[in-house]
Amino acid sequence: MSDALKHECGIALIRLLKPLEYYKEKYGSAFYGVNKMYLMMEKQHNRGQDGAGFASIKLDTKPGERYISRVRSIAQQPIQDIFAQINDRINNELTKNDAYQDNVELQKRHIPYIGEVLLGHVRYGTFGKNSVESVHPFLRQNNWMHRNLIVAGNFNMTNVNELFDNLIDLGQHPKEKADTITVMEKIGHFLDDAVSKIYRDLKKEGYNKNECSPLIAERLKVSKILKRAAKNWDGGYAMAGLLGHGDSFVLRDPSGIRPAYYYKDDEIVVVASERPVIQTVFNVPFESVKELEPGHAIITKKSGTTKIKKILEPYERKACSFERIYFSRGSDAEIYQERKKLGRLLMPKVLDAIDNDTKNTVFSYIPNTAETSFFGMIESVEDHLNEKKTKSILSGGGKLSAEKVTEILSEFPRIEKIAIKDVKLRTFITEDSSRDDLVAHVYDVTYGVIQPSDNLVIIDDSIVRGTTLKKSIIKMMDRLNPKKIIVVSSAPQIRYPDCYGIDMANLESLIAFRAALELLKDNDLYHIVEDVYKKCISQVNLKDVNVVNYVKEIYDNFTDEQISDKISELLSDHTIKAEVKIIFQSVDNLHKACPKNLGDWYFTGTYPTPGGNRVVNRAFINFYEGNKERAY
């Protein structure tokens, strides 16, 4: 994606179902779980590079022995940093103590990070300080083993204020108003409550304090705790947690906004944000990795028993389409085909824009994730040319010369790698005074392949803010002197902010919103802006379920094509010699390409949870009042 856009986060959970000695004997190392966790996190580094964290729990330790380990990092390469720390600690212990070398029991007892239950997390800090305190997993400590809670998630809650107030109503004193803290404390409250109740029941049954501990672990119902804790959550989430005695869970939101996949055999239970990560790391087929259903949790007890439990009644499935367009790894079998189809479905609009002149058109893409959509677009061009060739040959009535047939068959799509991303430059762009010139050089171009008579078609995943497109890509493309520059977005126009984990918190940064405002001015309709503001203000004190997204009215007077044309104007200026046209995917075609992921609120303004409408209205109020605060 040419626009810098961040997203949080990726989770990985591993539960070893056999004793550590089993993995030592079969795979040559008691560190099997740690090694696999490193691979799972590294394979999900696309989901977060601002921070990484790891936590582990050892089962059945003796009192006085450390059973929880955690390490977090915000280093430039955080995944490598935390595992370098882990490996250094393990190697130091092995070097200092010869007795540990081949003794798994001693390794488990004395070396940290080696355990049967492991949780990993990669993070993009979408807002707030990117300090190590903000990095998951979060730890809620207690001297009772069962009350220790470790939480990590890929999520954003829209109703943090409400959740914060709920904690106060429960008598708690939260240390900060952050969704991770409020979620963890909510789970922790009902965990404490459940443990206390079981303990009281056991005492009534005649058990002494020491006998109660293993029985609490057996009787604790994680599903019941999650049902009580998640009752008022509004947001998109895949929430993972470990309890100190060894239970683990991953809970997915009722709309299925954020992804979660799992695999289980007799050796392991594993959960991740991405399916191909599990396939690759554990060498298992596509069919063996299951998607966790919305509103459900995968719960593994200390005993190793694993069940899928319905925690919340599922809503209409609105899995995030941006996962498919951009964020998830394109190596997923389904996502790869979906991205190709996104490219194919754009071709009719592209052919119209180039007047079907494929002979004088060069096709390319914005590196790197638009590449798969580009393949789909080129397949469609090839289909078009094959149809054209067939008609030309048939129209000859069998009288064409061999040379003429060869000439007809020789036309192929002109494919070139035009844009080259200079990744190192992006981290150097800091000062506003020199930012524009630096942004202009984030991409370089390939010279010598474009003729003045050529159209240049270049595909991107999506166009969010348009900043890099305007200040870098289009200017660099124009240096090649094409007749026309056509930028194709495999996603529809992004018109509304997100509030479920992607860094699109305001309206005025969205190029589609700015284009709609310009069209309102051009057509003497700008009074609609004030009308919408008044409607948004009138809803400030309403309950979320009663709030309506009136921001849709900003776009209602214009067609998609009118907004696209205005975006084309805004993204080019008097210095650009070529004609510039921006083409967007239609929402209908997005649904055709990604039929199981219909979460399209970025494009349509139809949010999957009530909190979304409140957020978009607050974003509009902030825009109108010139308030730079986030809408959530």
Side-chain angles (χ1 to χ4, degrees), residues 2 325 339-366 370 372-392 395 408 411-416 418-419 450-463 466 469-470 473-474 477-478 480-495 511-512 515-516 519 555 558-572 576-594 603:
S2 55
I325 296 167
R339 289 182 183 174
K340 285 183 73 175
K341 192 167 184 178
L342 286 169
R344 291 184 69 91
L345 291 170
L346 282 160
M347 269 317 294
K349 287 185 178 181
V350 173
L351 290 172
D352 286 344
I354 63 174
D355 297 322
N356 292 302
D357 185 8
T358 52
K359 187 173 289 186
N360 293 299
T361 300
V362 171
F363 296 90
S364 193
Y365 61 93
I366 305 294
T372 307
S373 296
F374 172 73
F375 290 152
M377 184 172 72
I378 293 305
E379 285 181 359
S380 189
V381 179
E382 290 170 342
D383 290 344
H384 168 77
L385 288 177
N386 287 337
E387 187 178 333
K388 181 180 171 183
K389 293 172 188 178
T390 301
K391 287 180 180 177
S392 297
S395 65
I408 292 170
E411 186 180 350
F412 292 95
R414 294 171 60 192
I415 302 169
E416 304 289 354
I418 298 294
I450 303 291
Q451 303 300 319
S453 58
D454 286 338
N455 303 303
L456 174 56
V457 174
I458 190 155
I459 190 168
D460 198 356
D461 293 287
S462 59
I463 300 169
L469 203 57
K470 179 173 184 175
I473 295 169
I474 291 176
M477 299 297 123
D478 196 53
L480 303 176
N481 296 313
K483 178 178 67 177
K484 195 172 186 179
I485 298 171
I486 300 154
V487 182
V488 186
S489 169
S490 68
Q493 297 165 5
I494 296 168
R495 299 181 172 190
I511 187 64
L519 285 170
Y555 301 96
F558 312 110
T559 64
D560 291 354
E561 192 66 28
Q562 286 175 306
I563 294 173
S564 294
D565 289 344
K566 180 57 70 171
I567 291 173
S568 302
E569 286 181 36
L570 295 177
L571 295 183
S572 56
I576 305 299
K577 301 182 292 295
E579 179 187 347
V580 176
K581 183 170 181 61
I582 312 294
I583 293 174
F584 288 89
Q585 189 75 263
S586 71
V587 173
D588 285 345
N589 279 346
L590 172 67
H591 292 168
K592 288 177 185 175
C594 310
F603 320 115

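The structure displayed is predicted, hence computed values, not measured ones.
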Taking Pro482's backbone N and O only, do any of them form a donor-acceptor pair with Asp454's side chain (distance below 3.5 Å, no angle check)? no
Any Lys/Arg nitrogen of Glu379 or Arg344 sitting under 4.0 Å from an Asp/Glu carboxylate oxygen of the other? yes
Would you say the side-chain atoms of Asp478 pair up with the backbone N or O of Ala578, donor to acceptor, closer than 3.5 Å? yes
Go through Gln585 and Leu346 one step at a time and tell me if the side-chain contact (heavy atoms from CB on, under 4.5 Å) criterion holds. CA-CA 6 Å; Gln585 189 75 263; Leu346 282 160; 3.6 Å; yes
Could you tell me the separation between the NZ atom of Lys470 and the CG atom of Leu571, rounded to the nearest 0.5 Å? 7.0 Å
Ignoring hydrogens, what is the shortest heavy-atom contact between Ala370 and Tyr365? Give both atom names and the distance. O-CB, 4.3 Å
Starting at CD of Glu561, measure out to CD1 of Ile583 and round the result to the nearest 0.5 Å. 8.0 Å
In this structure, are over 12 heavy atoms from other groups packed under 6.0 Å from Lys359 atom NZ? no
Does some side-chain heavy atom of Ser453 sit less than 4.5 Å from a side-chain heavy atom of Lys483? no
Say you draw a straight line from NZ of Lys389 to OG of Ser392; how long is it, rounded to the nearest 0.5 Å? 10.0 Å
If you round to the nearest 0.5 Å, how far is CD1 of Ile463 from CG of Leu469? 5.0 Å
Any side-chain heavy-atom pair from Met347 and His384 closer than 4.5 angstrom? no
Main-chain N/O of Gly343 paired with Ser373 side-chain donor or acceptor, under 3.5 Å: no
To the nearest 0.5 Å, what is the distance between NZ (Lys577) and CD1 (Ile485)? 8.5 Å
Decide yes or no for Ile418 and Leu456: does some side-chain heavy atom of the first lie under 4.5 Å from some side-chain heavy atom of the second? yes
Testing the basics here: between Ser489 and Ser462, what is the closest heavy-atom pair and its distance to 0.1 Å? OG-CA, 3.3 Å
Side-chain touch Met477/Val487, heavy atoms, less than 4.5 angstrom: no
Do Phe584 and Ile563 touch side chain to side chain, with heavy atoms closer than 4.5 Å? no
Pairwise distance CD1(Ile486) to CG(Asn455) - rounded to 0.5 angstrom: 5.0 Å
Please check: side-chain N/O of Lys349 versus main-chain N/O of Val488, any donor-acceptor pairing under 3.5 Å? no
Could you walk me through whether Thr358 and Leu351 pass the side-chain contact (heavy atoms from CB on, under 4.5 Å) test, one step at a time? CA-CA 8 Å; Thr358 52; Leu351 290 172; 4.0 Å; yes
Ser568 and Ile582, any side-chain heavy atoms less than 4.5 Å apart: yes
With a 4.0 Å cut-off, would you call Asp565 and Lys581 a salt bridge? yes
Minimal non-hydrogen separation, Phe603 against Arg495, with atom names: O-CD, 3.7 Å
Of all the heavy-atom pairs spanning Ala353 and Lys484, show the shortest one and how long it is. O-NZ, 2.7 Å
Quick check: does any side chain N or O of Lys592 sit under 3.5 Å from a backbone N or O of Lys341, one acting as donor and the other as acceptor? no
Side-chain contact, heavy-atom cut-off 4.5 Å: Ile366 with Ile458? yes
With Pro413 as partner, the option from Val457, Val362, Leu385, Thr361 fulfilling side chain to side chain contact (heavy atoms under 4.5 Å, CB included) is Leu385
Considering all heavy atoms of both residues, which atom of Ile325 and which atom of Leu590 are nearest to each other, and what is their separation? CD1-CD1, 3.8 Å
4.5 Å side-chain heavy-atom contact, Leu342 and Asn589: no
Kindly write out the residues that satisfy side-chain hydrogen bond (donor to acceptor under 3.5 Å, both in side chains) with Lys566, not counting sequence neighbours, or none if the list is empty. Asp522, Glu569
Can you check whether Met377's main-chain N or O pairs, donor with acceptor, with Ser380's side chain at less than 3.5 Å? no
Hey, mind stepping through Asp461 and Ser490 against side-chain contact (heavy atoms from CB on, under 4.5 Å) and telling me if it holds? CA-CA 5 Å; Asp461 293 287; Ser490 68; 4.3 Å; yes
Do any N or O atoms from the side chain of Asn386 and from the backbone of Glu382 form a donor-acceptor pair under 3.5 angstrom? yes
